[in-house]
Asker: 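Could you have a look at this structure, given as structure tokens, before my questions?
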Number of protein chains: 2
Amino acid sequence: MATRGRPRTFDPDTALRQALDLFWERGYEGTSINDLAQAMGIASPSIYACFGSKEELFRRVMALYGATAGEPPRRALREQPTAREAVHAMLRATADQITGPDTPHYCMLILAAATGTVENHTVREFLADRRRDMHDTIKHRLARGITDGDLTAPPDTLDGIARYYTTMVQGLSVQARDGATRAELETVVSCAMAAWDTLAPPAPPQADETP
Amino acid sequence: MATRGRPRTFDPDTALRQALDLFWERGYEGTSINDLAQAMGIASPSIYACFGSKEELFRRVMALYGATAGEPPRRALREQPTAREAVHAMLRATADQITGPDTPHYCMLILAAATGTVENHTVREFLADRRRDMHDTIKHRLARGITDGDLTAPPDTLDGIARYYTTMVQGLSVQARDGATRAELETVVSCAMAAWDTLAPPAPPQADETP
DNA sequence: TCGTTTGTTTATTGTTCGATAAACAAAGGA
DNA sequence: TCCTTTGTTTATCGAACAATAAACAAACGA
């Protein structure tokens with residue numbers, strides 16, 4: 001049972017990318033179905049047939065956003081050899097991402113639905129959940145630093161340090177939204193990293209390592 | 001020419017406070033005129049007669065917000081004796097403010113209109129202007145620290161340091177919105193202050209300093 | 001070819017949006 | 001006592017909102 005019925009005249013992935021562009025620019029509530037239909041090049045019934053509802057479309061869009069724009073900071077966190085380098089690279093990747101020439105200057109996850117009507121509460125909480133995931137991801141990376149031996153912070157401080165750098169990422173998004181340049185964000189990142197050695201002193205004798 | 005015509009049956013200041021409560025909860029676009037009329041206890045034509053339009057009402061509300069909720073952080077910045085204490089107290093006052101028991105857990109200035117429809121662009125820029133004022137205010141306080149002799153940072157780093165602490169304040173708002181407690185914000189503030197001595201070494205022969 | 005299935009097109013649905021017109025009410029000035 | 005002024009009340013305005021019903025179109029299986 002493969003292809004019964006009239007074939008679709010548009011590519012859902014392409015349409016999703018076009019929806020992403022518009023949601024990114026105007027946020028969830030600032031984007032109407034009519035605007036979306038026009039940007040996606042289809043009529044509104046096709047949106048509902050393919051994606052279900054405005055909220056479901058937005059969730060699909062956010063998945064795409066996470067897999068594309070959200071990937072560089074996450075990769076930095078994952079691939080850098082030490083916790084310090086990982087956090088630093090993540091902050092720089094974030095600064096890059098939110099000052100790109102072809103996209104709005106902020107992180108969708110943070111500003112696309114911060115406040116709004118009562119009826120859209122579930123959408124805001126959906127984004128809030130993803131933001132809380134950011135904190136967990138950073139915290140786990142710090143814990144890995146302890147396991148790897150490149151980080152010697154007291155384990156009970158990890159949550160606070162992770163929250164501190166999460167807060168930085170979220171603040172950077174507001175800064176970029178308000179017109180801060182990439183260079184200005186770099187100074188902020190440098191300040192944020194200046195706290196590192198106080199918060200997490202480097203491991204003293206790093207001679208022999210790697211079992 | 002004093003009081004001609006029918007006297008007003010409501011107190012504009014009280015109505016403004018009630019409008020503040022609702023705008024604070026739902027943001028600019030999330031709050032409708034009907035909602036406002038109900039919360040203010042008057043009919044919508046009275047809103048227009050007294051305040052002009054939704055946008056003008058919101059600007060009045062934000063002035064009230066700045067004079068009330070916005071005052072403690074500003075006062076901390078103004079009244080603390082050293083730049084370091086001023087910034088630290090400002091961060092703590094901000095954390096207090098955005099985790100209060102009777103108000104939404106975020107700063108209106110930062111999250112009440114982050115994204116939205118094209119037609120409300122002027123409202124978003126109005127808030128963005130006020131946020132840029134935050135940066136200027138902090139920067140001037142740092143400059144005063146140099147004049148007062150309690151701060152020995154290179155003058156060309158003041159903008160970056162000010163932007164760093166502005167970014168912190170803005171990030172804290174997102175954290176509180178997502179449910180971070182006052183205690184959790186305190187750990188973030190501590191981390192933020194850990195960067196201070198690296199960024200701005202304390203003046204050597206200065207008498208006082210209180211941890 | 002014909003019936004079934006699926007997608008698109010067209011035309012709306014009822015609701016809510018910000019904002020007003022018109023009628024009515026309460027005050028001062030003459 | 002009118003007349004003017006100002007505010008409230010009532011009833012909307014046209015536009016935009018998210019979401020659909022119904023009619024039409026294009027594919028497959030038989």
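Sequence lines set the chain letters: A, B, ... in the order given, protein chains first and strands last, and positions in each chain run from 1. All values below come from the heavy atoms of this structure, side chains included, with hydrogens, waters and symmetry mates left out.
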Asker: Starting at CG of A/Asn120 and ending at P of C/dT15, how long is that distance when rounded to a whole Å?
Answerer: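 Whole-Å distance recorded here is 19 Å.
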
Asker: Rounded to the nearest angstrom, tell me the gap between atom CG in B/Leu57 and atom P in C/dG18.
Answerer: 11 Å

Asker: Quick one: side-chain contact (heavy atoms from CB on, under 4.5 Å) partners of A/Thr187, sequence neighbours excluded?
Answerer: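 side-chain contact (heavy atoms from CB on, under 4.5 Å) check on A/Thr187 returns nothing, list empty.
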
Asker: Looking at DNA chain D, which of residues 6-13 of chain A put a heavy atom within less than 4.0 Å of it?
Answerer: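 Residues of residues 6-13 of chain A that come under 4.0 Å of DNA chain D are, in numerical order, A/Arg6, A/Pro7.
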
Asker: Report the distance from atom CD1 of B/Ile42 to atom C1' of C/dA25, rounded to the nearest whole Å.
Answerer: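 It is 17 Å, rounded to the nearest whole Å.
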
Asker: Just grab all the side-chain hydrogen bond (donor to acceptor under 3.5 Å, both in side chains) pairs involving residues 57-67 of chain B, residues at least two apart or on different chains.
Answerer: B/Glu55-B/Arg59

Asker: So which pairs with a foot in residues 154-191 of chain A pass ring pair (Phe, Tyr, Trp, His ring centres under 6.0 Å), sequence neighbours left out?
Answerer: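 Qualifying pairs: A/Tyr165-A/Trp196.
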
Asker: Both conditions, 6.0 Å and 45 degrees, for the charged tip of A/Arg8 above the ring of A/Phe10: are they met here?
Answerer: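 Pair A/Arg8/A/Phe10 counts as cation-pi.
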
Asker: Counting heavy atoms from C-beta on, name the nucleotide in C/dA19, D/dT20, D/dT9 closest to the side chain of B/Ala43.
Answerer: D/dT9

Asker: Given C/dT8, is OP1 or OP2 found less than 4.0 Å from the side-chain N or O atoms of A/Ser46?
Answerer: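 Yes, because at least one side-chain N or O of A/Ser46 sits under 4.0 Å from OP1 or OP2 of C/dT8.
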
Asker: Once salt bridge (charged side-chain N to carboxylate O under 4.0 Å, His left out) is applied, do any residues pair with A/Glu25, and if so which ones, sequence neighbours excluded?
Answerer: none

Asker: ring-ring contact (aromatic ring centres under 6.0 Å, His included) with A/Tyr48: which residues, sequence neighbours excluded?
Answerer: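 Result, ring-ring contact (aromatic ring centres under 6.0 Å, His included) vs A/Tyr48: none returned.
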
Asker: Give the B/S/- string for nucleotides 13-18 of chain D, one per nucleotide from 5' to 3', where a protein heavy atom under 4.0 Å of the base yields B, of only the sugar-phosphate yields S, and otherwise -.
Answerer: ----SS

Asker: How many whole angstroms separate atom CG of B/Leu36 from atom P of C/dT16?
Answerer: 16 Å

Asker: Using salt bridge (charged side-chain N to carboxylate O under 4.0 Å, His left out) as the criterion, list what pairs up with B/Asp96, not counting sequence neighbours.
Answerer: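 Applying salt bridge (charged side-chain N to carboxylate O under 4.0 Å, His left out) to B/Asp96 gives B/Arg182.
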
Asker: B/Arg26 CZ to C/dT16 P: how many Å, rounded?
Answerer: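 Those two atoms, CZ and P, are 13 Å apart.
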
Asker: Under the salt bridge (charged side-chain N to carboxylate O under 4.0 Å, His left out) test, which residues partner B/Glu125, sequence neighbours left out?
Answerer: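 Partners of B/Glu125 by the salt bridge (charged side-chain N to carboxylate O under 4.0 Å, His left out) criterion, ordered by chain and then number, come out as A/Arg177, B/Arg132.
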
Asker: Expressed in angstrom and rounded to an integer, what is the separation of B/Phe51 atom CZ from D/dT8 atom P?
Answerer: 10 Å

Asker: Using only modelled atom types and a 3.5 angstrom limit, is any donor from either the side chain of A/Arg4 or the base of C/dT6 paired with an acceptor on the other?
Answerer: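 Answer no: no donor N or O sits under 3.5 Å from an acceptor.
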
Asker: Regarding B/Lys139 and B/Asp159, does a basic nitrogen lie under 4.0 Å from an acidic carboxylate oxygen?
Answerer: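 Between B/Asp159 and B/Lys139 there is a salt bridge, with a charged N closer than 4.0 Å to a carboxylate O.
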
